[in-house]
Amino acid sequence: MALGIPVLCYHAHIIGSNDYAGNAHIALAEDLQLIQACGRRIVPLRWIVDWLQGRREDADMINAVGISFDDGTLLDFQPVEHPQYGTLPGLLPILQQFARQHQYEQPSVHASCFVIASPLARMQADQHLLYGRNWLASDWWPDATASGLMSIENHSWDHNMAVATEACATPRNSFRGVDDLPAARRQIEPASELIEELSGRRPELFAYPYGDVNDYLADCYLPEHGATAGLRAAFTTAGKHIDAHSDRWKLPRYVHGLHWRQAEQLQNILRQS
Ligand SMILES: [Zn+2]
């Protein structure tokens, strides 16, 4: 039987409603129990990449599922007081509780957290898109790494956000325009360097901002220069399983709130393959 591996993506800071469909904290807590009940096993994303590179056996990947968090806000790491939605538990504490509860059945619980590297872009996003509460600080990255349950990975220099004054590709609020060597270098290489400096570990994975993959990045830049930046794979939001033939520079993920809004829909995703 061919292996199919779903990778799930959550945004802790984008809360549309205080229920499963709109709150990643509520959804993740429920989804972890569902993953366990479906007989699936959470593995680090780097295991999936090892497997695609022929460095890990099929046997390690049976019933595997990957977990990732995007944008790297404090809500990925610890409880916070949300001005609109009250106390939110934070995604890492939810993972930690699950890992303790199922330490024998789920020995490899892990999430990859894709962060924006630029301190200026993080400050601008915090001021203009969040609540000015310093949720995009980087001081928690070393502790997240040291937890053993989370790795800090590359989500570009400035996400090419409209609010980021350093962003230069057009259109903004999209990553499609990062399609030549200078722009790709600018977005990816200093990001890996700074994330290594601030987290204590070199990122191995990249996630395309907005899920926007383009042919230049996936077919030229990353295959040729990704390894120089220490990268081994890149993730999109294509809403499919990863299989043995998946392109390492275009690995699909399912996004909470987009590809599933109810536990039953996730159950259907987990049952494919
Ligand atoms: Zn993002």
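If you read the sequence from its start, that first residue is 1, and numbering goes on from there. Just so it is clear, the structure is predicted and the values come from calculations on it, not from any experiment.
Side-chain contact of D158 with S118: a donor-acceptor pair under 3.5 Å is absent, judged by distance alone. Using modelled atom types, one finds no donor on one side chain facing an acceptor on the other under 3.5 Å when comparing W249 with Y208. Between the side chains of T73 and D71, no donor-acceptor pair of N or O atoms lies under 3.5 Å. Under 3.5 Å, the side chains of D31 and H256 contain no donor-acceptor pair of N or O atoms. Between the side chains of S147 and Q96, no donor-acceptor pair of N or O atoms lies under 3.5 Å. In the model, N18 has a side-chain atom that pairs as donor or acceptor with a side-chain atom of N23 under 3.5 Å. With no hydrogens or angles considered, no side-chain donor-acceptor pair links R41 and Q106 at under 3.5 Å. Between the side chains of Q33 and Q101, at least one donor N or O sits under 3.5 Å from an acceptor N or O. Under the 3.5 Å distance criterion, with hydrogens and angles disregarded, a donor-acceptor pair is assigned to the side chains of T87 and E81.
Put simply, the side chain of I67 does not reach to within 4.5 Å of the side chain of H110, judged on heavy atoms.
One hydrophobic cluster, built from ILVMFWY side chains closer than 4.5 Å, holds both I152 and W157. When hydrophobic clusters are built by joining Ile, Leu, Val, Met, Phe, Trp and Tyr residues whose side-chain heavy atoms come closer than 4.5 Å, directly or via intermediates, L194 is not grouped with L231. Note on L266: it clusters hydrophobically with V109, by side-chain heavy-atom contacts below 4.5 Å among ILVMFWY residues.
With R201 contributing its side chain and S151 its backbone, the two residues share no donor-acceptor pair below 3.5 Å. In this structure, the side chain of E153 does not engage the main chain of F206 through any donor-acceptor pair within 3.5 Å. Checking side-chain atoms of D19 against main-chain N and O of G22 turns up a donor-acceptor pair under 3.5 Å. Listed for the W140 side chain is a donor-acceptor partner under 3.5 Å among the backbone atoms of A137. With S68 contributing its side chain and L8 its backbone, the two residues share a donor-acceptor pair below 3.5 Å. Within the 3.5 Å criterion, the main-chain N or O of Q262 finds a donor-acceptor partner in the side chain of Q265. A side-chain donor-acceptor contact under 3.5 Å links Q124 to the backbone of T165. D70 contributes no side-chain N or O that, together with a main-chain N or O of C113, makes up a donor-acceptor pair within less than 3.5 Å. With H11 contributing its side chain and H13 its backbone, the two residues share no donor-acceptor pair below 3.5 Å.
A perpendicular orientation is assigned to the rings of Y254 and H241, their planes being inclined by more than 60° (bins at 30° and 60°). Relative ring orientation between Y10 and W260 is described as perpendicular, the plane-to-plane angle rising above 60° on a 0-90° scale split at 30° and 60°.
Residue L258 is found in a hydrophobic cluster whose other members, listed by chain and number, are V255; membership requires side-chain heavy atoms under 4.5 Å apart, directly or through intermediates. Grouping Ile, Leu, Val, Met, Phe, Trp and Tyr by side-chain contacts under 4.5 Å, direct or through others, leaves Y104 on its own.
A cation-pi arrangement is absent between R56 and W51 under the rule of less than 6.0 angstrom and at most 45 degrees off the ring axis. Taking the ring centre of F114 as origin, the terminal cationic atom of R253 falls inside the region bounded by 6.0 Å and 45° from the ring axis.
The local environment of CZ in R176 is sparse, with at most 12 non-hydrogen atoms from other residues, nucleotides or ligands closer than 6.0 Å. Heavy-atom contacts from other residues, nucleotides or ligands closer than 6.0 Å to CZ of R261 number 12 or fewer.
Salt bridge E204/R232: present, at least one basic N to carboxylate O contact under 4.0 Å.
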Exercise. Yes or no on ring pair (Phe, Tyr, Trp, His ring centres under 6.0 Å) for H159 and Y210, after CA distance, side-chain angles and deciding distance?
Worked result: CA-CA 8 Å; H159 211 280; Y210 313 100; 4.5 Å; yes

